There are 2 protein chains.
Amino acid sequence: MTAEARPASPPLTERQEARRRRILHASAQLAGRGGFEAVQMREVAEEAGVALGTLYRYFPSKIHLLVATMQDQLQHMHTTLHKRPPAGQDPAQRVADTLMRAFRALQREPHLADAMVRALTFADRSVSPEVDTVSRITTAIILDAMGLEHPTPEQLSAVRVIEHTWHSALITWLSGRASIAQVKIDIDTVCRLIDVTKPSDTA
Amino acid sequence: MTAEARPASPPLTERQEARRRRILHASAQLAGRGGFEAVQMREVAEEAGVALGTLYRYFPSKIHLLVATMQDQLQHMHTTLHKRPPAGQDPAQRVADTLMRAFRALQREPHLADAMVRALTFADRSVSPEVDTVSRITTAIILDAMGLEHPTPEQLSAVRVIEHTWHSALITWLSGRASIAQVKIDIDTVCRLIDVTKPSDTA
DNA sequence: ATCCAGTCTGAAACTTGTTCTAGATTAGCG
DNA sequence: CGCTAATCTAGAACAAGTTTCAGACTGGAT
């Protein structure tokens with residue numbers, strides 16, 4: 001059921017798969033220190049033991065690379081969450097818990113978070129498919145936390161709003177304009193929409 | 001009551017004020033065709049009839065320039081809104097109306113919107129004060145629409161969530177991942193938080 | 001084993017944001 | 001008016017993302 005990232009186009013050989021991993025690893029590594037600006041394509045190439053041209057063949061831009069990095073990290077988080085699902089009673093609680101857990105994970109690597117989130121929101125149309133994949137994984141994580149199989153259109157809208165808030169709140173935190181506490185409050189606030197859009201509640 | 005933008009540091013002379021305006025005008029002009037990438041510092045300088053170094057003295061980076069451009073445009077919108085306030089009955093309605101009006105204005109200049117919004121969300125810490133100014137104006141616009149003088153902390157959180165949604169929804173629209181209709185739905189959805197956080201309602 | 005097409009490498013070149021410098025201009029002041 | 005400090009200009013120079021290219025390498029088909 002998990003949205004798989006690999007575009008089936010040309011099935012990569014083992015060496016190619018390894019190269020791809022090395023590149024993503026180097027990207028995350030460099031992002032981990034220094035954030036967005038520290039991910040310099042020449043350095044990524046060198047650290048991954050790959051020519052610059054090759055790096056660009058695998059990821060056609062720095063933004064593509066960082067969005068792919070985020071895809072990768074999100075996938076990890078998704079499987080981790082499957083192992084230890086959130087424990088709250090009601091759906092809103094569980095979603096808020098899940099997002100706060102993710103938030104704490106990001107706080108441990110603020111530079112990496114910076115690089116990934118900035119890339120994600122800066123991405124233009126040429127990166128839409130990749131950004132969409134990230135969005136689908138995020139949506140899946142939230143729906144999992146809600147415990148919903150067949151959300152109504154209304155609920156989907158609420159989930160989108162939660163995602164919007166999530167991304168934008170991260171940005172304000174990363175740029176030092178909001179405190180951790182404020183992010184928490186805003187997440188709790190937006191999660192109220194989950195109660196408001198319960199199907200029985202259709203005003 | 002309106003948040004004024006000009007940092008009082010050195011009061012600009014008339015010629016300087018004129019230069020600043022020419023620069024902002026050139027920026028908006030170039031952004032209007034081509035969007036973010038079309039705003040090239042050398043071109044802005046040339047179009048504004050100013051040396052590159054001078055441009056950088058007025059706006060220390062492309063991001064600063066575009067955020068200032070957004071400030072400028074927002075200010076216009078804010079005064080326009082003062083002349084014709086939204087007409088809805090309840091606060092949520094009025095906020096949604098206001099945002100949709102702003103959205104329609106942006107639709108008329110999608111490239112300009114692209115440049116401004118991308119700059120805004122991409123801005124790093126060095127631009128925090130300027131981004132904060134934009135945020136304050138936006139907050140003021142929303143609170144005006146709500147008709148609130150003294151919002152509770154809860155309501156302020158709701159306003160922040162609305163702002164988050166607004167920015168992020170714009171981004172998804174600009175990058176072609178969401179339709180205009182979807183943006184409208186999500187704005188309506190998030191505006192429900194205004195009802196949910198009415199002081200009488202504090203669960 | 002050989003050959004072909006596709007891939008990878010290394011290095012240079014190009015683009016655009018940003019910085020720097022030396023000299024011209026301007027603004028304010030005695 | 002004449003001086004001085006700040007500002008502005010033109011243009012070179014630098015940094016990092018991106019493109020390009022010639023040649024070496026690899027993997028698969030015959």
Side-chain angles (χ1 to χ4, degrees), chain A residues 7 9-24 26-27 30-31 33-69 114-116 118-119 122-127 130, chain B residues 7 9-24 26-27 30-31 33-69 114-116 118-119 122-127 130:
Chain A
S9 337
L12 301 183
T13 73
E14 201 160 325
R15 295 170 58 100
Q16 289 176 319
E17 189 56 43
R19 264 190 213 106
R20 198 188 129 87
R21 302 254 105 250
R22 284 206 307 280
I23 293 173
L24 286 175
S27 166
L30 288 171
R33 357 198 230 289
F36 186 87
E37 349 188 301
V39 181
Q40 303 197 351
M41 298 304 267
R42 285 172 241 259
E43 285 205 40
V44 172
E46 182 172 6
E47 185 118 348
V50 127
L52 190 54
T54 306
L55 171 52
Y56 273 95
R57 171 186 285 275
Y58 281 73
F59 301 97
S61 79
K62 175 170 173 173
I63 301 290
H64 281 84
L65 171 58
L66 284 172
V67 170
T69 304
D114 173 76
M116 296 190 307
R118 297 256 298 284
F122 188 64
D124 67 2
R125 302 181 101 90
S126 71
V127 204
E130 288 80 3
Chain B
S9 336
L12 300 183
T13 74
E14 202 160 324
R15 294 172 59 106
Q16 288 176 321
E17 190 56 43
R19 266 190 212 107
R20 187 173 192 283
R21 300 255 107 250
R22 284 206 308 279
I23 293 173
L24 285 175
S27 166
L30 288 171
R33 358 198 229 288
F36 186 87
E37 348 189 300
V39 180
Q40 303 197 351
M41 298 306 266
R42 284 173 242 259
E43 286 206 38
V44 173
E46 182 171 8
E47 184 118 349
V50 127
L52 190 54
T54 305
L55 171 52
Y56 273 96
R57 170 186 284 273
Y58 281 73
F59 302 96
S61 78
K62 174 170 174 174
I63 301 290
H64 281 84
L65 170 58
L66 285 172
V67 171
T69 304
D114 172 77
M116 297 189 308
R118 297 255 299 284
F122 188 63
D124 67 2
R125 302 180 102 88
S126 72
V127 203
E130 288 79 4

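Keep in mind it's a predicted model, so treat the numbers as computed, not measured. The chains referred to below are lettered A, B, ... by the order of the sequence lines, with proteins before strands, and numbering in each begins at 1.
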Just the rounded figure in Å: distance from [atom2] of [N] to [atom1] of [X].
X	N	atom1	atom2	value
Leu66(A)	dT18(D)	CG	P	10 Å
Glu14(A)	dT7(C)	CD	P	18 Å
Gln40(B)	dC14(C)	CD	P	17 Å
Glu17(A)	dT7(C)	CD	C1'	16 Å
Asp124(A)	dG17(D)	CG	C1'	14 Å
His64(B)	dT18(C)	NE2	C1'	13 Å
Met41(A)	dT18(D)	CE	P	6 Å
Arg20(A)	dC8(C)	CZ	P	13 Å

Are Asp124(A) and Arg118(B) packed together at the side-chain level, in the sense that at least one heavy-atom pair is separated by less than 4.5 angstrom?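 Touching, per the 4.5 Å side-chain cut-off.
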
Heavy-atom distance under 4.5 Å between the side chains of Arg22(A) and Arg19(A), does that happen here?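 The answer is yes; the side chains approach within 4.5 Å.
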
Sequence neighbours left out, what passes side-chain hydrogen bond (donor to acceptor under 3.5 Å, both in side chains) with Ser61(A)? Give chain and number order.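 side-chain hydrogen bond (donor to acceptor under 3.5 Å, both in side chains) list for Ser61(A), sorted by chain: His64(A).
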
Considering only distance and modelled atom types, tabulate donor-acceptor pairs under 3.5 Å from the side chains of residues 38-60 of chain B, sequence neighbours left out.
residue: Gln40(B); atom: NE2; partner: Glu37(B); partner atom: O; Å: 3.4

Measure across Gln16(B) and Thr13(B) and return the closest heavy-atom pair with its distance rounded to 0.1 Å.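 Closest approach of Gln16(B) to Thr13(B): OE1-N, 2.9 Å.
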
Ala119(A) to Ile63(A) - nearest heavy-atom pair and separation: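 In this case the closest contact between Ala119(A) and Ile63(A) is O-CG2, 3.7 Å.
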
Tell me which residues in residues 42-61 of chain A put a heavy atom below 4.0 Å from DNA chain C, sorted by number, or none.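 Residues of residues 42-61 of chain A under 4.0 Å from DNA chain C: Arg42(A), Gly49(A), Val50(A), Ala51(A), Thr54(A), Arg57(A), Tyr58(A).
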
Return the polar atom pairs (N/O with N/O) between nucleotides 24-28 of chain C and the protein under 3.5 Å, or none.
none

For Ser27(B) and Ile23(B), indicate whether the former's side chain and the latter's backbone hold a donor-acceptor pair under 3.5 Å.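 Side chain of Ser27(B) to backbone of Ile23(B): no pair is present.
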
Any Gln16(A) side-chain nitrogen or oxygen under 4.0 Å from OP1 or OP2 of dG27(D):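 Gln16(A) to dG27(D) OP1/OP2: no side-chain N or O under 4.0 Å.
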
Residue whose nearest DNA chain C nucleotide is more 5′ - Glu37(B) or Arg22(A):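 On the 5' side of the pair lies Arg22(A).
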
